[in-house]
Amino acid sequence: MASIEQAERRAPWILLSPALTAVGLLLLVPLVFVLVYSFWLRSAVGGIDATFSFNNWAEVLGDRFYRDILLQTIKIALITTVVCALAGYPAAYFIARVKGVNRGFLLLLLMLPFWVSYIIRTMSWINILGVSGAVNSLLQAMGIVTDPIQMLYNETTVVLGLVHYLLPFMILNIYVSLDGIDTTLEDAAHSLGATRWQAFTEVTLPLSMPGLGAGALLCFVLGAGTYITPIILGGPRDAMFANLVFDAIITQLDWPLGAALSLALLVVLGTVVVVYNRFAGLGQLAKGLG
Amino acid sequence: MENAVELRDIVKRFGSFTAVHRMSLDIEQGSFLTLLGPSGCGKTTTLRMIAGLIDTTEGDISIKGKRVNNLPIHKRNLGIVFQNYALFPHKTINENVAFGLKYRGVVGEEAERRVRDALELVQLPQMGDRYPRQLSGGQQQRIALARAIVIEPDVLLLDEPLSALDANLREDMRVELKRIQDKLGITTVFVTHDQGEALAMSDKIVVMRGGKIEQVGEPQAVYDAPESEFVAEFLGSTNILGGRVSGRQGEGVTVDATPFEGVEVPADRAGQTNGATDIKLLLRAEKLLVEPGGSADGGGIAAPAVVETVDYQGQSVRYFLRVGDRRLQAINMVNGKPFAEGETVTARFDPRHCSLLPAQPGEAQA
Ligand SMILES: Nc1ncnc2c1ncn2[C@@H]1O[C@H](COP(=O)(O)OP(=O)(O)O)[C@@H](O)[C@H]1O
Ligand SMILES: [Mg+2]
C-alpha cells in the first residue's frame, strides 16, 4: 500500500521532469546570467568588464528618463488592454453563442493571423496607412485630399498595432470563459424577471470575469514587453521600455545596462502577474492558452 | 374551472423539422399537469414555448386569459425549474432565491422574510449563506424550486426536475414537490419521461408522441383505459393480444383473443371498439396473476402456463410466461418464494381489468 502511494506521489514529478529541465536550462540559468551581468560593467570596446558595481542599477533607478518611458509603456499597454477588452468581448460572446455556424471555423479564423509573422502583420499597416498606402490613395483618388496625410508613426498607431497583435488572445480567453457558462443560467435570470441585458450583467458578465481578467493580463504583459511594434509603427518619441533594452544591447553593445533594464521590466511585469494571481489565480490563463 | 394556461393549435418547427404539431391544451387553474412521453417527443419544446424561451411557429398561448405570444419571458411571471437546476454559482443561496424578488421591487425586510419562508418551505432554512456548489444535488434542486416559487408565479414549469437525482432521492423529492404544490395550489406543468412520476403526481397526464398529443386524462383513466397501444405500452408493461369480438351484451363485449376465450370486457373499457370485430385485448402485466399449476378455479380467465424467465426485483417479480404459443409478461408481488424457471403454473386474470382497442386505429369510427 505504502509503496503504491509513494509511487503515486512521485509520478507527477517524473512526468514534469523534462519540462522542469527545459525551464531550468532555458529560462532560469540565463536569468541568473542576466542578473550577474547587471552588476558588471561595459568595457571600453563593448565587451564585458567583470567587476562588481551598482552603476547600472543606479542609472536605471535614478534617471527620470527611464521612469518616464516606463510610465509611457504602462500607459500604452493599459490603453491597448482596454481597447482589446471592449472590442474582444462582443466578438467572443458572438462566437460562444452563435447557432447554426461552425464554431470551429470561427475559431480557426481567429487563429489565422498567427500563421503570418507578427512582424509582417505589423508592417502591413504601412501599406494601409502610409503616405502611399491604401487609405491615402483612396482619399486622393476621390479628391478628398491632394497631399497624403501622415497617419503613421505616433502613439495611436502603436496602440493600433498592439491591438491588432493582441486581440485574438483577448477573444480566446473570454471565449473559453463564456463557453463554460451554462446558457440556461441566463434563461433562468430572464425567467425571474431580468431583461436580457440585466441577465447578462448580473450573471454572464461576472461569471466570465476570469476569462476577461486572464485576457487582460496577457494583453498587458505582452503589450508592455513589446519592442517591435513601436519600432515599426511608432515615431521617435514613442519608444517603449523594451526598446531601451534593445538599444542598450544591440546598438550600444552595453549588455550590463541592458541586463539591468530588462530585469527592471521583468520585476514590474512580474509584480503585476503576482498581484493578479493573488486575486484571481493563474489557472484560468492556462485554460485560455490551451 | 378557469384555465391558467391555454394552448391553441401551437406548432413549432425547427427548419423543416416539426417538433410540435398543432397542439391544443387547457391547463386548469391550480392543477398539476404532466407532459409525459419518450425522449424527443417535444415535451421540452412545448414547455419552452409556454415559458417564452422560444417562439411558437403558429398558434396562440394564453396565460390567465391573456394572449402572451409576444410577451417576453421576463414579463410572463412564471417560475421555471430547469433540469440542471441553473442556480447562479457566484451568488449565495439567499441571493439566488431573492433574485426574482429584486426585479419585482421586493427588497429589504420583506424580501428577507419571503426568502426565509421559501427556504423553510423546501426545508433548507439553514443554507442561506452558502454557495450552490456547497450543496448536494437534491439540495440544489430544492433551492431551484424555492427560487421559482418565491416570486409567486402564475404557473410553475418543471422540466424533468428529478431526473438528475438518484433513485431514493427522486422518490423523496416527488413527495416533497407534490406537498409543496398542494400547499401553494400553484398551477404546475411538469415534464417527465418517467411514467411512475407522472402517475404519482399528476391531476392530469398528457401523453405525447412525435410532437402530438396521444391521450389526455386523469392518471387512472390513462392507465386503465389507454386509447392506443403506444399509451398502453408507455405506461407500464402491457400484453397486447390480437382477437375478435364474439358477442356483445348490455354490460360489455365478449372477445376471443388467443390463448384466452370468452373474455368479457366491461363497456367503459371497450369504448373505442364500438362496431369493430377485429380488436386488440390489452392485459396489464400487473393484472396477470401467476398461481401454482392446476390451482382450483379462482374465477376470471385462467390458462396453464410455463415460466420461461424470472426477473426478481425484491418486492416484486417479473415473469415471462409461455401460454399456448404466446409469450406473456406478468409482474406479481412476491409472497414467499417466487416461481422457478420451467415450473408449470396457472396464469389468471380478471377480465374487468382488461381493455380493448380496435385492431386498426380509426377503424371503429368508420
Ligand atoms: N433548437 C432546436 N433545433 C432543432 N431541433 C430541435 C431543437 N430543439 C429541439 N429540437 C428537436 O425537437 C424534438 C423535440 O425535442 P424536445 O422538445 O427537446 O424533446 P423532449 O423534451 O420531449 O425530449 C427533438 O427531435 C429535438 O431534436
Ligand atoms: Mg426534454
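Quick note: numbers below take in every heavy atom, side chains included, and nothing from hydrogens, waters or symmetry partners. Since we're looking at a predicted model, the values are computed, not measured. Every chain is numbered from 1 and lettered A, B, ... according to where its sequence line falls, protein lines coming before strand lines.
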Participant: Looking at OG of S117(A) and CD1 of I228(A), how far apart are the two atoms once the value is rounded to the nearest 0.5 Å?
Facilitator: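 One gets 7.5 Å once the value is rounded to the nearest 0.5 Å.
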Participant: Can you pull out the donor-acceptor contacts between chain A and chain B, under 3.5 Å, including backbone atoms?
Facilitator:
from: D182(A); atom 1: OD2; to: N84(B); atom 2: ND2; distance (Å): 2.5
from: T184(A); atom 1: OG1; to: N84(B); atom 2: ND2; distance (Å): 3.4
from: L192(A); atom 1: O; to: R104(B); atom 2: NH1; distance (Å): 2.7
from: E202(A); atom 1: O; to: H90(B); atom 2: NE2; distance (Å): 2.8
from: E202(A); atom 1: OE1; to: K91(B); atom 2: NZ; distance (Å): 2.6
from: E202(A); atom 1: OE1; to: K102(B); atom 2: NZ; distance (Å): 3.3
from: E202(A); atom 1: OE2; to: K102(B); atom 2: NZ; distance (Å): 2.5
from: E202(A); atom 1: OE2; to: Y103(B); atom 2: OH; distance (Å): 2.8

Participant: At a heavy-atom separation under 4.5 Å, does L207(A) approach chain B through its side chain, its backbone, both, or neither?
Facilitator: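 Just its side chain gets close to chain B.
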Participant: Go through the atoms of L157(B) and report whether side chain, backbone, both or neither lie under 4.5 Å from a heavy atom of chain A.
Facilitator: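 L157(B) has no heavy atom closer than 4.5 Å to chain A.
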Participant: With only heavy atoms counted, which part of A199(A) is less than 4.5 Å from chain B, the side chain, the backbone, both or neither?
Facilitator: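 A199(A) has no heavy atom closer than 4.5 Å to chain B.
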Participant: Just how far is it from atom CG of L109(A) to atom CD1 of I171(A), taken to the nearest 0.5 Å?
Facilitator: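 Reported value, rounded in 0.5 Å steps: 11.0 Å.
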Participant: When you look at CZ of F200(A), are more than 12 heavy atoms from neighbouring residues, nucleotides or ligands closer to it than 6.0 Å?
Facilitator: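 Result for CZ/F200(A): enclosed.
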Participant: Residue by residue, scan residues 14-26 of chain A and write down, ordered by number, those that have a heavy-atom distance under 4.5 Å to chain B; if none do, write 'none'.
Facilitator: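 Contacts with chain B: none.
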Participant: Please tell me if the side chains of L145(B) and L156(B) come closer than 4.5 Å, counting only heavy atoms from C-beta onward.
Facilitator: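 Sidechains of L156(B) and L145(B): in contact.
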Participant: Side-chain contact test, heavy atoms from C-beta onward, threshold under 4.5 Å: evaluate it for Y89(A) versus L178(A) and give yes or no.
Facilitator: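 Result yes, sub-4.5 Å side-chain heavy-atom pair found.
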Participant: With a 4.5 Å limit on heavy-atom distance, are the side chains of L185(A) and P89(B) in contact?
Facilitator: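 A side-chain contact exists here, since the closest heavy-atom pair is under 4.5 Å.
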Participant: Does some side-chain heavy atom of Y165(A) sit less than 4.5 Å from a side-chain heavy atom of P113(A)?
Facilitator: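 Contact flag for P113(A)/Y165(A) side chains = no.
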Participant: Does the side chain of L121(B) reach to within under 4.5 Å of the side chain of I149(B), using non-hydrogen atoms?
Facilitator: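 Yes, their side chains come closer than 4.5 Å.
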Participant: Could you please spell out the steps behind the side chain to side chain contact (heavy atoms under 4.5 Å, CB included) verdict for L218(A) and M170(A)?
Facilitator: CA-CA 8 Å; L218(A) 212 56; M170(A) 180 64 93; over 6 Å; no
Participant: Quick one: ring-ring contact (aromatic ring centres under 6.0 Å, His included) partners of F94(A), sequence neighbours excluded?
Facilitator: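 Expected list: none.
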Participant: Mind checking which of residues 69-77 of chain A sit less than 4.5 Å from chain B, heavy atom to heavy atom?
Facilitator: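 So no residue qualifies.
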Participant: Need one label for L78(B): side chain, backbone, both or neither, based on atoms under 4.5 Å from any heavy atom in chain A.
Facilitator: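 For L78(B), the contact with chain A is made by the backbone alone.
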Participant: Can you tell which of A188(A), A194(A), A189(A) has the highest number of heavy-atom pairs within less than 4.5 Å of chain B?
Facilitator: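 Looking at each option in turn, the highest pair count goes to A194(A).
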Participant: Please confirm whether the backbone N or O of A214(A) pairs with a side-chain atom of Y276(A), one donor and one acceptor, at under 3.5 Å?
Facilitator: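 Between the backbone of A214(A) and the side chain of Y276(A) there is a qualifying donor-acceptor contact (under 3.5 Å).
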Participant: Any side-chain heavy atom of T229(A) within less than 4.5 Å of one from M240(A)?
Facilitator: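 The answer is no; the side chains never approach within 4.5 Å.
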Participant: With a 4.5 Å cut-off on side-chain heavy atoms, are W125(A) and T157(A) touching?
Facilitator: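 When only atoms from C-beta onward are counted, W125(A) and T157(A) do not touch, as no gap falls below 4.5 Å.
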Participant: Hey, are the side chains of L25(B) and L33(B) touching, using non-hydrogen atoms and a 4.5 Å cut-off?
Facilitator: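 Contact flag for L25(B)/L33(B) side chains = yes.
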Participant: For a side chain to side chain contact (heavy atoms under 4.5 Å, CB included) check, start with the C-alpha distance between L71(B) and I63(B), then their side-chain angles and the critical distance, and finish with the verdict.
Facilitator: CA-CA 10 Å; L71(B) 198 66; I63(B) 297 176; over 6 Å; no
